[in-house]
Amino acid sequence: MSGALKSFDRVVDCYDATRAMPADAAVRVTDGLAAAVRTVAESPRVLEVGVGTGRIAIPLRRAGVRVAGIDIGRAMLARLHAHDPTVPAAIALASQLPFHDATFDAALFVHVLHLVPDAAAALAAARAAVRPGGIIIRGHTRYDDSPRRTIHRRGKEIVAELLGRAPERRAPHEIAAVSFDAAARALGVAPEVTELARWREATTAREALDALSRRLYSDTWDIPDAVMPELLARLTPEAEALGGALDALLVSGVAFEMAVLRLPG
């Protein structure tokens, strides 16, 4: 995957609220990640690539895991340190980690591998930073097919039409998964995939359209201002038809999955 760097500083004020998991799901995710890294060390040293505001790192540290992080967003790291000033964190690129080889027992990518310009380079850097016998973890959220996802997908199709582009054949998350699987094949191992939590999420078509117009999610940041009015004009009636009304609840099944790549010892 290639492209420009995507700093979340632009949405730092709403990031935690718009990416939050239900409390019980968040506990299960923390417990699952902590259990995974403790398979390689009793008191594991973990690097979170794309640590952001600390929504993964801080609960892990409270669970007794030694977590350090890197990010490209200065405002995101400022928010992290407002939450917990004790978390070690640095401004750095995922592909150019400022650590000696074999510094960590594990590297963790949560909701970030699909955003880096070169996922393969980021994984190679993580492999160097993790000691032999350690692990690399990719955590991601998977949405079941639902009216909400249809609105999102249809919006991207309309943008492609308005800009005269071919529609994307694969979503960024799918491309990131391909890179992770390729790294596993290069090591001669298969990723160990576990569903850590599942929940149901409700929103409305109006809220989905508002998120699009405010560009709350990274894959909408490159929508030009010039096409946004036409995009919303075309998408609004389609979104309303999906739910029967703009304020009708649209329910999605959501799961958090963890893929673990074990490095040779």
Please list all pairs passing the salt bridge (Lys or Arg N to Asp or Glu O under 4.0 Å) test where one or both residues lie in [range], with sequence neighbours left out.
range            : result
residues 227-251 : R154-E238, E161-R234, R206-D247
residues 80-90   : none
residues 18-34   : D24-R28
residues 183-196 : R142-E195, E192-R262, E195-R198

Scan [range] for pairs that pass ring-ring contact (aromatic ring centres under 6.0 Å, His included), counting only residues two or more places apart or in two chains.
range            : answer
residues 64-86   : none
residues 43-62   : none
residues 229-265 : H111-F256
residues 200-233 : F8-W221

Between side-chain atoms of residues 91-101 and protein atoms elsewhere (two or more places apart, or another chain), which donor-acceptor pairs fall under 3.5 Å?
none

Hydrophobic cluster of V251, others only, ordered by chain and residue number, side-chain cut-off 4.5 Å: none
Other ILVMFWY residues reachable from L232 by side-chain steps of under 4.5 Å: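 Taking Ile, Leu, Val, Met, Phe, Trp and Tyr as members, L232 shares its hydrophobic cluster with I151, I158, V159, L162, L163, L209, L212, I223, V227, M228, L231, L235, L242, L246, L250.
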Can you list everything that forms a salt bridge (charged side-chain N to carboxylate O under 4.0 Å, His left out) with R45? Sequence neighbours excluded, please.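 Listed in chain order: D105.
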